[in-house]
Structures are given as structure tokens and as C-alpha cells.
Amino acid sequence: MVDPKNSIALADATPEQLRTIVQNLLHENQQMQEQLAVLKRVLYGRRRESSQNLPDGQTSLFNEHVLTQEEQAAVAKASGEDEPVKKRPKKVVHRKSMDLSQLPQNTRDYTLDTEDQICPGCGKMMADIGRTAVRKEVDFVPVKLLATTVYQHTYVCTNEQCLQDHGKVITKKADVPKPVISHSMASNAVVAESILTKFIYKVPDYRQEKLWHNRGADFTRQALSGWHIKAAEEYLRPLYNLMHQELLAQDIIHADETPYRVLAIKKAKTYYWVDTSGKFAEHQIILYDHGDTRGYGEAERFLKGYTKYLQTDGYAVYPRLPDLTNVYCWAHVRRKFDEAVTGGDTGLAPIGRQYCNEMFHLEQGWRGLPATERLAQRKEHLQPQMDAFFKWLFELGDSYLPKSKLGRAVEYALGHEVGLRAVLQDGRLELSNNRAERAVKELVMGRKKRLFSQSKRGAVATGILLSVLKTAEINHLDLRQYLNYLFAALPNLPVPGDLTVLQDYLPWSPKVQEICHE
């Protein structure tokens with residue numbers, strides 16, 4: 001609607017100025033339509049997102065739009081295919097029964113009372129002729145705390161001749177292992193359990209305080225937090241450093257970042273930088289590094305000296321890192337086109353999204369191939385699909401509003417073309433950065449419960465503890481057993497922090513795998 005105050009200005013405007021005004025009005029209208037569509041999606045749309053053409057773990061932000069025949073024909077024509085690709089039928093998933101063989105076995109028998117065993121016909125006692133299994137179920141035994149007194153035994157030599165020979169009584173004391181938390185009522189098992197409860201089951205300290213009280217031990221939230229910081233700083237930090245060294249020696253790293261609140265730091269947000277191994281790395285690692293900012297300096301500090309493949313979402317600091325190859329995420333490209341569909345664009349946006357869907361569909365078929373064969377398949381089949389996609393983008397010209405959701409999707413894809421094509425360089429690379437995003441999700445879920453850390457020490461300790469736990473988990477360790485194993489061994493090493501000895505305590509070491517494998 002034209003403002004009357006500006007009617008004279010409009011009347012005097014040049015054709016170029018009028019064109020600019022019209023474009024601005026069109027853009028504002030487009031933005032309002034997109035915002036309205038997104039709000040409708042939030043209020044009335046499904047919470048679950050799905051896509052039949054994406055691999056396991058890959059999701060989009062919004063609902064799927066079903067392509068019309070005209071849209072499928074447009075994709076087929078642009079990619080050089082005669083017919084549109086038909087969607088495969090949905091795979092039927094058969095649920096398996098739970099395997100209870102690893103649990104301690106127990107039985108519960110139901111018998112008749114003695115008076116009920118009397119035959120109603122003759123009055124004599126009936127004979128038990130056997131039992132029949134009616135069902136299997138998982139039972140629960142409530143947790144019990146034990147008040148354990150630790151005694152140290154002393155031994156003395158009672159041989160009188162020995163006394164005469166040495167001129168003194170010879171005594172020995174049994175060795176008592178050092179606990180992970182000195183001068184504390186908490187055993188290694190209690191510290192391990194409190195860490196698992198907080199970081200795996202997402203129960204914050206203030207709620208754990210009530211949990212331990214109900215079990216019979218009044219551990220305060222301050223004590224719990226202190227245990228976690230001390231365990232991380234004194235015993236797990238050297239392991240974290242070794243895992244960091246190993247990660248930087250690998251050929252592929254996935255990276256992402258997420259905000260976090262630390263009350264002692266005046267900034268509204270600090271950040272965790274999350275880095276993971278590639279899918280095919282021999283030693284799987286997930287590391288959480290706390291930084292004060294989201295700036296270049298934090299990424300440069302953590303990835304200093306790295307020169308191989310770094311797969312990210314294209315955040316601006318990563319391309320500035322020297323001597324490495326940036327690989328970008330096709331899931332982000334697809335997501336932006338999907339947002340454009342949800343924002344109301346049912347013309348061009350579905351075509352862009354379908355290009356991405358077909359790439360993921362091709363990749364899914366090569367999942368089980370060796371890296372060299374997968375790369376050959378990509379060169380033969382995936383590269384032509386990418387060529388067709390970018391050709392289509394270039395040919396769009398000015399047929400979209402640059403600041404609309406579709407415009408942002410197109411500009412994002414064109415601006416990251418080199419990094420998006422980098423997946424064609426190595427068969428071990430992936431189309432998406434989902435490995436890092438899943439690791440970030442673990443932190444985000446915990447953040448919703450804990451909300452913040454009180455101090456920077458606490459935030460750094462959280463990163464160390466999560467790194468050890470998630471790296472152990474991805475290496476198929478029993479987390480409770482692994483923590484107890486570490487807390488029993490690390491405080492009692494002859495040389496604390498000996499990096500050579502600590503190699504035997506990394507999650508993938510043969511010794512740890514033998515003792516703690518789940």
C-alpha cells in the first residue's frame with residue numbers, strides 16, 4: 001500500500017527508482033509469505049521429519065513435498081534422463097525380540113498352597129508333575145549403597161632371630177590403592193555413576209542431589225560438580241590430549257560448533273567446538289573443546305597443523321584455515337531448498353531439493369563398497385548429477401528473489417560449489433556432515449537439562465568428560481566398566497600422566513577392549 005505522504009515522490013521517481021521500489025515490495029511480500037508458511041508449519045505441521053531418499057541419520061527440517069509429474073520431468077530433463085526416477089517402496093522393518101541372554105538369569109515359580117493341593121475328588125494330596133514357562137520379563141533390583149570401611153593390614157615378623165640380626169622389628173603394610181577423589185566419602189564407583197547419570201542420562205547436579213539423598217547418601221550438588229572437575233583435570237585430561245593428537249593425525253575430520261552459557265564469563269554465549277573422526281577411521285574419536293568465542297582463533301588453536309580433509313557446514317572460519325581441504329555438506333544444501341518449499345515456493349525449490357535427494361539415493365546404494373570402488377561410482381554417476389544441478393542453478397538467472405529462502409538456497413549452493421564437489425576426491429568422504437551434527441546433538445540435549453556451567457573450569461571439564469564417554473561409546477565399550485577401570489588405574493600409575501603408559505588406556509587399546517567391551 002502506497003503511503004500518501006510519498007505519492008509526490010513516487011510520481012517524480014525515475015523508471016529505475018520505480019523498478020527498485022517494486023522489487024523491494026515484492027521481496028517484502030515474499031518474506032511475509034515465507035514467515036507465514038513457517039509459522040503454520042510450526043503450529044500445525046508434523047514434528048517428525050522424514051525423507052525416503054536420504055540415508056540413515058539424515059533428516060530435513062520440514063515436511064516432504066511430493067513432486068508433481070511436471071516437477072519430476074523437469075529434474076529428469078535437466079539431468080539428461082529420459083524418465084523421472086521412481087521412488088522405491090518403503091522398506092518393511094521387522095522388530096526382533098529382546099535378547100536377554102546377557103542378563104543374570106532368574107526364575108519365579110508359582111505353586112499351590114499345601115491346603116490347595118488336596119484333590120477335591122478323593123481328598124488325597126496331589127503330585128506336582130512339572131512346570132510350564134508362561135512368559136519372560138525383565139526384573140529390576142533397586143540400587144543399594146554400602147558403607148564400606150577400608151582397612152589396611154600390617155604384618156610383623158615374629159622370628160626372634162630376625163629381630164636379633166637386624167636390631168629392630170620388621171613390619172610391612174598392605175598397599176591401599178589411591179581413590180580418584182582423595183579425602184572424600186565417594187568411592188570410584190560412586191564418582192563414575194554420578195558422571196554417567198549427569199552426562200549420559202542427562203540428570204543435572206541439583207536433581208542428582210535428591211537422587212543420592214533418596215538412596216541414603218547426602219552428596220551435595222557442589223560436591224558432585226567438584227568430583228567431575230577433579231576427575232577430568234587430574235586423570236582424564238591426558239587421555240583427552242592423546243585422543244586430540246590421534247585425531248589430528250587422521251585423514252578426515254568432521255567439525256561443527258554450538259553455543260553454551262557460562263555464568264562466570266560475561267559474554268552471553270561461549271561455544272563448544274565439536275570434532276569427530278571420519279566414518280572409516282580405524283580409531284573413532286569424538287572431541288568437545290570449549291572456547292570463549294566462535295572466532296577463527298578457537299578453530300585455529302584446536303586444528304593447528306592439520307592438513308587433510310575437514311568436513312563442515314561451510315561456516316566462515318573454516319575456509320580461512322591454511323593447508324587443508326574444505327569439504328562441505330550436501331545435507332545443508334538440501335535443507336535450504338526444503339525450507340524454501342515450506343516457505344511457499346512450490347515451483348523451483350522442489351526441483352533443487354529433488355536433485356539433492358537423488359544424490360543421497362545414489363550414495364546409499366554404495367554404502368557397503370570399499371572406498372576405491374565408491375569413488376569410481378561417484379565419478380561415473382554422482383558427478384554428472386552434480387554437473388546437472390549446478391548447470392540448473394546457473395541457468396536460473398534472475399528468476400528468483402535473492403533474499404528469499406529460495407534465493408538463499410541458490411546462493412549457498414553456488415557459493416560453496418568447490419567444497420561441495422570435494423566429495424569426489426576421496427571415497428572415504430561423506431555427502432553430509434551428520435557425524436559432527438549428531439555429536440553436537442548429544443551436547444544440546446544435555447544443555448537443555450543443565451542450561452549452563454557455573455565456571456569456565458566446569459565447562460572445560462564437561463568437554464573432557466563428554467569426549468571420553470562418547471569416544472568410549474563409539475568404540476563399543478561398557479561405559480560404567482570403563483570409567484571404573486580408569487579410576488582404579490590412573491591414580492595409581494607409577495608416573496602420573498605418562499603418555500606412553502596411557503596409550504594402554506585409550507578406548508581402542510587391545511587391553512581396554514578385552515576388559516571393557518560391551
When you look at CD of E137, are more than 12 heavy atoms from neighbouring residues, nucleotides or ligands closer to it than 6.0 Å?
yes

Applied to residues 235-245, the salt bridge (charged side-chain N to carboxylate O under 4.0 Å, His left out) test, sequence neighbours excluded, yields none

### Side-chain heavy atoms of Q513 within contact of L477, under 4.5 Å
yes

The side-chain contact (heavy atoms from CB on, under 4.5 Å) partners of L506 (sequence neighbours excluded) come to L239, L242, M243, Q503, W508

Residue pairs passing the ring pair (Phe, Tyr, Trp, His ring centres under 6.0 Å) test with at least one member in residues 218-242, sequence neighbours excluded, are F199-H228, W212-F219, F219-W227

Rounded to the nearest 0.5 angstrom, the CG-SG distance for L486 and C516 is 7.0 Å

Residues pairing under salt bridge (charged side-chain N to carboxylate O under 4.0 Å, His left out) where one sits in residues 460-489, two or more places apart or in two chains, turn out to be E193-R480, E442-K470, K470-E473

So the ring pair (Phe, Tyr, Trp, His ring centres under 6.0 Å) pairs with at least one residue in residues 403-437 (sequence neighbours excluded) are Y328-H416, Y412-H416

Beyond-backbone contact of T462 with Y288, side-chain heavy atoms, under 4.5 angstrom: no

Residues at least two apart in sequence or cross-chain that pass side-chain hydrogen bond (donor to acceptor under 3.5 Å, both in side chains) with K210, listed by chain then number, are none

- Query: Is any NZ, NE, NH1 or NH2 atom of the basic residue among R320 and E300 found under 4.0 Å from an Asp or Glu carboxylate oxygen of the other?
  - Reply: no

Exercise. Does atom NE2 of H213 have more than 12 heavy-atom neighbours, drawn from other residues, nucleotides or ligands, at distances under 6.0 Å?
Worked result: no

Quiz prompt | Any M386 side-chain heavy atom under 4.5 Å of V423 side chain | solution = yes

Output for pair (T471 OG1, L287 CG), nearest 0.5 Å, gives 5.5 Å

Heavy-atom nearest pair, S432 first then A331, reads CB-CB, 3.8 Å

Task: Side-chain (Q284) to main-chain (A472) donor-acceptor, under 3.5 angstrom - done: no

So the salt bridge (charged side-chain N to carboxylate O under 4.0 Å, His left out) pairs with at least one residue in residues 244-258 (sequence neighbours excluded) are D251-K308, D251-R428, E257-R294

Checking S455 side chain against A264 main chain: does a donor-acceptor pair fall under 3.5 Å? no

For residues R367 and K279, determine if any side-chain heavy atom of one lies less than 4.5 Å from a side-chain heavy atom of the other.
yes

Residues passing the side-chain hydrogen bond (donor to acceptor under 3.5 Å, both in side chains) test with E417, sequence neighbours excluded, are R421

Exercise for the section: Give a yes or no on this: more than 12 heavy atoms of other residues, nucleotides or ligands lie within 6.0 Å of atom CD of E514. Expected result: no

Heavy-atom closest pair (P319 atom, A316 atom, distance to 0.1 Å) is CD-O, 3.2 Å

Should V333 and M359 count as side-chain neighbours, where that means a heavy-atom distance under 4.5 Å? no

Output for pair (H283 NE2, S509 OG), nearest 0.5 Å, gives 9.0 Å

Residue pairs passing the ring pair (Phe, Tyr, Trp, His ring centres under 6.0 Å) test with at least one member in residues 460-488, sequence neighbours excluded, are Y485-Y505

Closest non-hydrogen contact found for A231 with I181 is N-CD1, 4.5 Å

Hits for side-chain hydrogen bond (donor to acceptor under 3.5 Å, both in side chains) against H244, two or more places apart or cross-chain, chain-then-number order -> none

- Task: Report yes or no: does E363 contribute a side-chain atom to a donor-acceptor pair with the main-chain N or O of L431 at less than 3.5 Å?
- Result: no

In terms of heavy-atom contacts, S453 and G458 come closest through OG-C, 4.1 Å

Side chains of D498 and L493, heavy atoms from C-beta outward: is any pair under 4.5 Å?
no

Separation between CG (N484) and CD1 (I515), nearest 0.5 Å, reads 12.5 Å

For L224 and S194, the nearest pair of non-hydrogen atoms, with its separation, is CD2-CB, 3.9 Å

Check: Just wondering, are more than 12 heavy atoms of other shown residues or ligands nearer than 6.0 Å to CD in Q105?
Finding: yes

Sorted by chain and residue number, the side-chain hydrogen bond (donor to acceptor under 3.5 Å, both in side chains) partners of R301 (sequence neighbours excluded) come out as D289, E298

I'd like to check L406 versus F337 (side-chain heavy atoms, cut-off strictly below 4.5 Å). Are they in contact? yes

Between the CG atom in L490 and the CG atom in L502, the distance rounded to the nearest 0.5 Å is 6.0 Å

Scanning both residues in full, the closest heavy-atom pair of N433 with C329 reads N-SG, 3.1 Å

Residue D175 excluded, over 12 heavy atoms near CG under 6.0 Å: no

Rounded to the nearest 0.5 angstrom, the CH2-CG distance for W366 and L375 is 10.0 Å

Here the salt bridge (charged side-chain N to carboxylate O under 4.0 Å, His left out) pairs for residues 211-231, sequence neighbours left out, are E209-R221

Sub-4.5 Å side-chain heavy-atom contact between Q102 and E518:
no

